[in-house]
Colleague: 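Dropping the structure in here first, questions after.
Ligands are counted one by one from 1 in listed order, and the atoms in each one are counted from 1 as well. The residues of the chain are indexed from 1 along the displayed sequence.
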Amino acid sequence: MVRTRFAPSPTGFLHIGGLRTALFSYLFARHNGGIFILRIEDTDRTRYIEEAMTDIMESLKWVGIEWDEGPDIGGPYAPYKQSERKDIYLQHAEELIKRGNAYKCFCSQERLEKLREEQRKRGEKIGYDRHCRNLSEEDIKRYESENKPYVIRLKAPLSGETNFNDLIRGKITVSNETLDDIVLIKSDGFPTYHLANIVDDHLMRITHVIRGEEWISSTPKHVILYQSFGWEPPFFAHVPVILAPGGGKLSKRHGATTVKEFREKGYLSEAVLNFIALLGWSYDDKTEIFSMEDLIKYFTIEKINKASAVFSYDKLDWYNGVYIRKKSPEELLELGKPFIIKADLLTEDEIEANRDYLLKIIPLIQERIKLLSEIPEKIWFFFDRHFEIREKKELVPKGLDISQALDLLKKARKGLEKIETFTKDNIEEFIRGLMEETGFKTKQIFMPLRVAVTGTRVSPGLFETMEVLGKKRVLDRISKAIYYLEDRKSLE
Ligand code: GLU
């Protein structure tokens, strides 16, 4: 039975790279009919951030990653929060001491600092000199009776080599001489990442550890820990790092990096999911659109790349457009709601009251937006409360003078008023007629009308827009534009 886990440390909002790692773990479990676990690794109290755990859970759920065991729902190996498992780690560290594979180290902070300082001066590798590795029984007893603070360290093998078979990178070997006697329990009684991580992976019966490549150098230490306990290590798969568009680490200066930021910018969860799935994994090098079901069906570790993945905001935007266009107007309205409210365009009640109107507006902009956050700026002019002609000068396009523009708008008002059923086709027929009658170019006719009814030069298709706005609004707005042109002063 496959059991995988995502084991984030709650040190900040979930990064898009973390989400990708979680996804690969999740997909591998689901593809193999296994179990996916969420475990919170919160033993580093200095970096702990209160809201992080909620954010991690919300972010995972947002893209549809659901865990079978976790801190909120429990499970057979609960608790799933390491801060609640402190005693377990301590017992295990003591067990290692009994086995002769770990020891108490009473070295003071000052001694360690001095040691590092000297190593630095001599240009040596920085590391613990194993001073307490062979303390006599008496010394240990004495220090204990003096209540001298201590840490527990692993007795790493001094010679030979350690290797493991990474499912993505193949065999990895390190010489044991390069390894340190790492700390397992800190002086405050909290375990280090290494100890807690492997004890839990073992006790929670994790079969496959799928994690970011940055952990690969920790893995030999973990393998030694497994051996020291006499346990069988799980399989390891280290997934490639995600680089920023121009190389280097993806950071704030490139754009959004946390899942929360992507959500707030108006990315759809399906787009983010699809995009990150292909950061370091591919199915056949051509298929680009994958739903969660597809991913579960096709995901295998063999198809994970060794090479780093490069993040592309353009590609993500493209995906977002694709998924936005797949939505029904109802769905898109629902998704756009928080953005409309946040932009102070409409209140929740106003959205309800204008529901039918909005459902006609949405299809007009659906093809034109890449982000949900663009919705307010694309639809503001449909609402009288916000409407104004923002670019009054544009009522008079190049090639026309004020009186020609006035004449045109007056003719348009008169003609539009006569249209009984105010549909896009009827509007178009009339405007085409007007073009012939006046002999003006398309742009010269469209521009004054567009600016008059939408307030700016860029808008969805003019005829559709007029139909949705409705006859009364269109006529009122044209009248207002006529007023501005007659007034002249307002054009300045
Ligand atoms: N807590 C570690 C992290 O924050 C987990 C690494 C691992 O998956 O072993 O990434």
Colleague: Would you mind telling me if ligand 1 is within reach of the side chain of Y193, the backbone, both or neither, using heavy atoms under 4.0 Å?
Modeller: side chain

Colleague: Which ligand 1 atoms, with their elements, are less than 4.0 angstrom from a heavy-atom of N197?
Modeller: 7 (C), 9 (O)

Colleague: Cationic tip of R99 within the cone over F229's six-membered ring, i.e. under 6.0 Å and within 45° of the normal?
Modeller: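 Pair R99/F229 does not count as cation-pi.
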
Colleague: Between Q119 and G127 (side chain of the first, backbone of the second, donor and acceptor by atom type, cut-off under 3.5 Å), is there such a pair?
Modeller: yes

Colleague: Using a heavy-atom cut-off of under 4.0 Å, does the side chain or the backbone of T11 touch ligand 1, or both, or neither?
Modeller: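 Within the 4.0 Å criterion, T11 makes no contact with ligand 1.
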
Colleague: If you take the centroid of each ring, where Trp contributes its six-membered ring, are H31 and F299 closer together than 6.0 Å?
Modeller: no

Colleague: Both conditions, 6.0 Å and 45 degrees, for the charged tip of R385 above the ring of F383: are they met here?
Modeller: no

Colleague: Is R5 in contact with ligand 1, taking contact as a heavy-atom separation below 4.0 Å?
Modeller: yes

Colleague: Could you tell me if the ring centre of F275 sits under 6.0 Å from that of F311?
Modeller: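 When the ring centroids of F275 and F311 are compared, they turn out to be within the sub-6.0 Å range.
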
Colleague: With atoms numbered from 1 as shown, which atoms in ligand 1 lie under 4.0 angstrom from a non-hydrogen atom of E41?
Modeller: 1 (N), 2 (C), 5 (C)

Colleague: Which residue owns the protein heavy atom closest to atom 5 (C) of ligand 1, what's the atom, and how far is it?
Modeller: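 For this ligand atom, the closest protein heavy atom is A7 O, 3.1 Å.
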
Colleague: So which heavy atom in the protein is nearest atom 3 (C) of ligand 1, and how far is it from that ligand atom?
Modeller: W215 CZ2, 3.5 Å

Colleague: Look only at the side chain of E374 and the backbone of K370, and say whether a donor-acceptor pair between them is shorter than 3.5 Å.
Modeller: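 Side chain of E374 to backbone of K370: a pair is present.
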
Colleague: Can you name the one residue among F236, W231, W215, Y193 that meets ring-ring contact (aromatic ring centres under 6.0 Å, His included) with H222?
Modeller: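 Only one of F236, W231, W215, Y193 forms a ring-ring contact (aromatic ring centres under 6.0 Å, His included) with H222, namely Y193.
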
Colleague: I'd like to check which ligand 1 atoms, numbered from 1 as shown, lie under 4.0 Å from a non-hydrogen atom of S9.
Modeller: 1 (N), 2 (C), 3 (C), 4 (O)

Colleague: Distance to 0.1 Å, residue and atom name: give those for the protein heavy atom nearest to atom 9 (O) of ligand 1.
Modeller: R211 NH1, 2.8 Å

